[in-house]
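Only this structure's heavy atoms are used, side chains among them; waters, hydrogens and symmetry mates stay out. Here, residue 1 is the first one in the sequence, and each next residue gets the next number.
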Amino acid sequence: MTEDEYFMQKALEEAKVAFEEDEIPVGAIITIDNRIIARAHNMTERLNDVTAHAEMQAITMAANYLGGKYLKDCTMYLTLEPCAMCAGALYWSQLSRLVYAAADTHRGYTVMGGTLHPKTDITTGVLAAPATELLKQFFQQKRKR
């Protein structure tokens with residue numbers, strides 16, 4: 001297992017917590033020096049807040065941990081491509097590296113015109129299959145209700 005796969009597995013664990021809480025199953029982990037400093041999942045239903053995406057929660061946790069607003073030298077592991085709102089927040093946080101699993105072909109930042117900081121290194125597709133499967137299961141259950 002690679003380092004990226006290890007941390008993405010941790011992000012998938014967060015996504016599973018969201019799934020169990022009837023939230024869209026997206027999880028995020030932020031690391032610095034191979035150490036987890038933030039872990040979060042979607043909380044939009046619980047908090048009744050459309051901005052309570054996993055990324056936003058993790059950015060706040062990491063900034064609090066670091067004592068500053070910039071996430072230089074940090075990597076975010078995310079189970080789904082960020083939306084334009086979250087990409088904007090990641091841009092302003094100056095995140096050094098983003099690793100995401102599944103592409104979001106409907107609402108992801110790449111199709112919605114969002115952008116990341118030009119210095120952010122991006123890796124895609126890490127553990128995409130299990131991330132995609134969890135999302136499919138979630139929405140199939142929603143349709144059955």
Is it true that [X] and [Y] fall in one hydrophobic cluster, defined by side-chain heavy atoms closer than 4.5 Å?
| X | Y | result |
| --- | --- | --- |
| Phe138 | Val50 | no |
| Ile32 | Leu116 | yes |
| Met76 | Val99 | no |
| Leu134 | Tyr100 | yes |

Qualifying residues under side-chain hydrogen bond (donor to acceptor under 3.5 Å, both in side chains), relative to [X], sequence neighbours excluded:
| X | result |
| --- | --- |
| His53 | none |
| Glu23 | Thr44 |
| Thr132 | none |
| Arg46 | Glu21 |

Could I get the full list of side chain to side chain contact (heavy atoms under 4.5 Å, CB included) partners for [X], not counting sequence neighbours?
| X | value |
| --- | --- |
| Thr60 | Asn64 |
| Asp33 | Arg35 |
| Ala40 | Gln57, Ala58, Met61 |

Does the side chain to side chain contact (heavy atoms under 4.5 Å, CB included) test come out yes or no for Thr75 and Phe7, once each step is laid out? CA-CA 10 Å; Thr75 299; Phe7 288 118; over 6 Å; no
N/O donor-acceptor pairs under 3.5 Å from side chains in residues 77-96, not counting sequence neighbours:
residue: Tyr77; atom: OH; partner: Asp4; partner atom: OD1; Å: 2.9
residue: Thr79; atom: OG1; partner: Gly27; partner atom: N; Å: 3.0
residue: Glu81; atom: OE1; partner: Asp104; partner atom: N; Å: 3.0
residue: Glu81; atom: OE2; partner: Tyr109; partner atom: N; Å: 3.3
residue: Glu81; atom: OE2; partner: Thr110; partner atom: N; Å: 2.9
residue: Glu81; atom: OE2; partner: Thr110; partner atom: OG1; Å: 2.6
residue: Ser93; atom: OG; partner: Leu90; partner atom: O; Å: 2.9
residue: Ser93; atom: OG; partner: Leu95; partner atom: N; Å: 3.4
residue: Gln94; atom: OE1; partner: Lys72; partner atom: NZ; Å: 3.3
residue: Ser96; atom: OG; partner: Asp73; partner atom: N; Å: 2.6

For Tyr70, which fellow cluster members are found when Ile, Leu, Val, Met, Phe, Trp and Tyr are connected by side-chain heavy-atom distances below 4.5 angstrom, either directly or through intermediates?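 None; Tyr70 is a cluster of one.
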Quick one: name the residues clustered hydrophobically with Met112, using the 4.5 Å side-chain heavy-atom rule over I, L, V, M, F, W, Y, and just say none if it's on its own.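 For the cluster that includes Met112, the remaining residues are Val111.
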Going by heavy atoms in the side chains, are [X] and [Y] under 4.5 Å from each other?
| X | Y | result |
| --- | --- | --- |
| Thr123 | Leu98 | no |
| Arg39 | Ile30 | no |
| Lys10 | Met8 | no |
| Cys74 | Leu66 | yes |

Please check if the side chain of Glu5 supplies one atom and the backbone of Thr2 the other of a donor-acceptor pair under 3.5 Å.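 Yes.
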Mind listing the closest non-hydrogen atom pair of Ala62 and Ala38 along with its distance?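 Nearest pair, atom of Ala62 first, then Ala38: N-CB, 3.7 Å.
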Least distance between heavy atoms, Val126 atom then Ala101 atom: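 Where Val126 meets Ala101 most closely, the heavy atoms are O-CB, 3.1 Å.
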To the nearest 0.5 Å, tell me how far Ile24 CD1 sits from Lys142 NZ.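 The NZ atom of Lys142 is 8.5 Å from CD1 of Ile24, to the nearest 0.5 Å.
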Supply the atom-to-atom distance His117 NE2 to Ile122 CD1, rounded to the nearest 0.5 angstrom.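 His117 NE2 to Ile122 CD1: 12.0 Å, rounded to 0.5 Å.
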Among residues two or more places apart or on two chains, list those pairs meeting salt bridge (charged side-chain N to carboxylate O under 4.0 Å, His left out) that have a residue in residues 49-65.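 Output for this query is empty, none listed.
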So which pairs with a foot in residues 130-139 pass salt bridge (charged side-chain N to carboxylate O under 4.0 Å, His left out), sequence neighbours left out?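 Salt bridge (charged side-chain N to carboxylate O under 4.0 Å, His left out) check on residues 130-139 returns no pairs.
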Please determine, by modelled atom types, if Thr120 and Arg97 share a side-chain donor-acceptor pair under 3.5 angstrom.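 The answer is no; no qualifying pair exists.
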Applying side chain to side chain contact (heavy atoms under 4.5 Å, CB included) to Ile29 and Ile37, what does each step give before you reach the verdict? CA-CA 8 Å; Ile29 297 290; Ile37 62 169; over 6 Å; no
